[in-house]
Amino acid sequence: MTVIADYAGKSALENVKAAIEAAKQNNEYNAILSFSEERALERAAKVDSGEITGKLAGIPFVAKDNFLAVGTTTTAASHFLEHFTAPLQATAIERLEAEGAICIGKANLDAFAHGGSTENSAFGPTKNAGDQTRVSGGSSGGSAVVTALGIVPFAIGTDTGGSIRQPASFNGVIGVKPTYGTVSRYGVVAMASSTDTIGCFTNSAADAEMIMDIMAGRDTSDMTTLPDFFKPVEVKANQKIGIIKEFMTDDVDEDVRARVSDYVEKLKAAGHTVTEVSMPILRYALAMYYIIVPAEISSNLARYDGVRYGRRADSSNLSELYGKSRDEGFMAENKRRIMIGSYVLSSGFFDAYYLQAQKARTLLINAFNELFDTYDVLVGPVSPTPAFKIGENASDPIKMYLADIMTVPASLAGLPAISVPAGQTSDGLPVGVQLIGQRRSDAQLLALAGSLEGDA
Ligand code: GLN
């Protein structure tokens with residue numbers, strides 16, 4: 001099944017105009033922060049005249065607003081970069097455009113991608129595609145919602161600790177967080193450099209395979225990129241699959257567990273073996289993440305000083321310039337993370353927090369590797385609950401962080417993990433199942449998901 005193929009053969013100008021029109025009609029979701037209308041229409045005309053060709057010729061898409069994109073602002077949903085225009089094109093967008101795809105606009109997110117609900121956006125929350133009283137998830141909430149509403153056939157986002165997988169599960173679409181290093185981060189606003197990844201949202205596994213294949217590969221501007229390994233494959237038969245015991249406890253919403261169990265039955269019916277596996281170290285993963293990631297954030301966000309990029313506050317001396325610019329430009333959650341990060345890196349506490357967390361991270365990586373000696377894939381929920389109400393967790397950072405408990409382990413270990421729609425709760429809220437694989441098994445995960453599509 002592919003949705004992108006439905007667009008091919010139609011006039012690019014019509015495809016692009018229809019997408020922009022649909023996005024404007026769905027303004028109430030607050031999923032799009034800006035349009036790149038003029039440039040998009042120009043490119044569409046070139047596709048129709050045959051000047052631009054490629055596998056994605058004339059296919060409209062939306063990029064999370066932390067990708068530098070020519071033709072509109074790059075705000076990272078922050079006041080800091082509110083009026084910032086990109087001096088260059090992100091590699092991921094450049095590669096999609098080289099195949100003829102057309103970026104129509106930029107999607108809402110939690111400011112600087114810090115969050116799991118899009119409520120931390122300086123421009124207001126994005127509403128869930130199926131229930132406007134609920135969050136879209138985050139931080140790539142806008143990208144998930146435009147894909148779920150069918151405004152565009154695919155959108156791109158970033159996943160540092162779950163920001164593609166969790167909103168995908170909350171809105172009922174496919175979300176791909178690839179192996180660390182699969183897609184170049186050049187031209188993307190950095191959050192935590194040791195776990196930042198770039199991936200996509202689609203309505204079918206085959207579409208996701210195509211988009212990832214196009215974006216993947218070595219880029220000399222991002223030295224962490226791997227040589228291109230992402231090639232669509234046939235699904236492997238008789239896979240050994242482990243269902244993660246620690247993710248299926250009573251603390252997890254009953255309907256979420258039920259949908260994951262249904263998916264496991266489908267895997268078994270397709271000839272795969274599914275057995276329970278235990279990874280006791282998972283209970284420490286969230287603590288590792290919320291030490292390591294803020295540490296990297298505090299360092300990456302030091303560049304926003306009021307001098308070099310974006311906002312510059314009125315001030316009479318340099319320290320006031322730094323202080324006021326950062327105070328006005330960052331949201332509360334950004335400041336919280338900068339403070340936590342600076343604390344865990346400070347000389348008196350470095351050994352106790354940062355170093356300890358990095359050691360624990362090695363144990364987590366080893367535990368995954370040991371399981372992958374036996375198992376092809378690990379399965380579990382994406383999130384312990386379906387989409388929560390807007391405002392429900394907003395005043396309690398710990399509660400918000402706890403929602404990331406199932407997505408951060410794959411991020412810390414650099415593993416590919418995808419979110420696959422697995423039906424709905426009794427209230428009609430989408431539930432996603434998470435498939436985690438060994439490094440570079442991304443295409444195999446998508447092939448597995450694709451093989452089970454359609455017989456839900
Ligand atoms: N919700 C997670 C966090 O707040 C993940 C964010 C992300 O992947 N960008 O850190």
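Counting starts at 1 for both ligands and their atoms, following the listed order.
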>> Ring centres under 6.0 Å, that's the criterion: do Tyr289 and Tyr401 meet it?
In response: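 Ring centroids of Tyr289 and Tyr401 are no less than 6.0 Å from each other.
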>> What I want to find out is whether Arg257 reaches Glu254 closely enough, with some N-O distance under 4.0 Å, to be called a salt bridge.
In response: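 Looking at Arg257 and Glu254, the cut-off is not met.
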Side-chain donor-acceptor pairs of residues 304-311 under 3.5 Å, sequence neighbours excluded:
residue	atom	partner	partner atom	Å
Asp305	OD1	Val307	N	2.8
Asp305	OD1	Arg308	N	3.1
Asp305	OD2	Arg308	NE	3.3
Asp305	OD2	Arg308	NH2	3.4
Arg311	NE	Glu328	OE1	3.0
Arg311	NH1	His79	O	3.4

>> So, using side-chain hydrogen bond (donor to acceptor under 3.5 Å, both in side chains) as the criterion, who are the partners of Gln434 when residues are at least two apart?
In response: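 Per chain and number, Gln434 pairs via side-chain hydrogen bond (donor to acceptor under 3.5 Å, both in side chains) with Arg165.
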>> Going by the rule side-chain hydrogen bond (donor to acceptor under 3.5 Å, both in side chains), which residues pair with Glu392 if we only count those two or more places apart in sequence or in a different chain?
In response: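 Residues passing side-chain hydrogen bond (donor to acceptor under 3.5 Å, both in side chains) with Glu392: none at all.
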> Is it the case that Lys399 places NZ or CZ above or below the six-membered ring of Phe388, under 6.0 angstrom from the centre and within 45 degrees of the axis?
Replying inline: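 Verdict for Phe388: no cation-pi partner in Lys399.
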Could you list each N/O atom of ligand 1 together with any protein N/O atom closer than 3.5 Å, one pair per line with the distance?
residue	atom	partner	partner atom	Å
ligand 1	1 (N)	Gly115	O	3.0
ligand 1	1 (N)	Asp404	OD1	3.1
ligand 1	1 (N)	Asp404	OD2	3.0
ligand 1	4 (O)	Gly115	N	3.1
ligand 1	4 (O)	Tyr290	OH	3.2
ligand 1	4 (O)	Arg337	NH1	3.4
ligand 1	4 (O)	Arg337	NH2	2.7
ligand 1	8 (O)	Thr160	N	2.8
ligand 1	8 (O)	Gly161	N	2.7
ligand 1	8 (O)	Gly162	N	3.4
ligand 1	8 (O)	Ser163	N	3.1
ligand 1	8 (O)	Ser163	OG	2.7
ligand 1	9 (N)	Ala113	O	2.9
ligand 1	9 (N)	Ser139	OG	3.4
ligand 1	9 (N)	Ser163	OG	2.7
ligand 1	10 (O)	Tyr289	OH	2.6
ligand 1	10 (O)	Tyr290	OH	3.4
ligand 1	10 (O)	Arg337	NH1	2.9

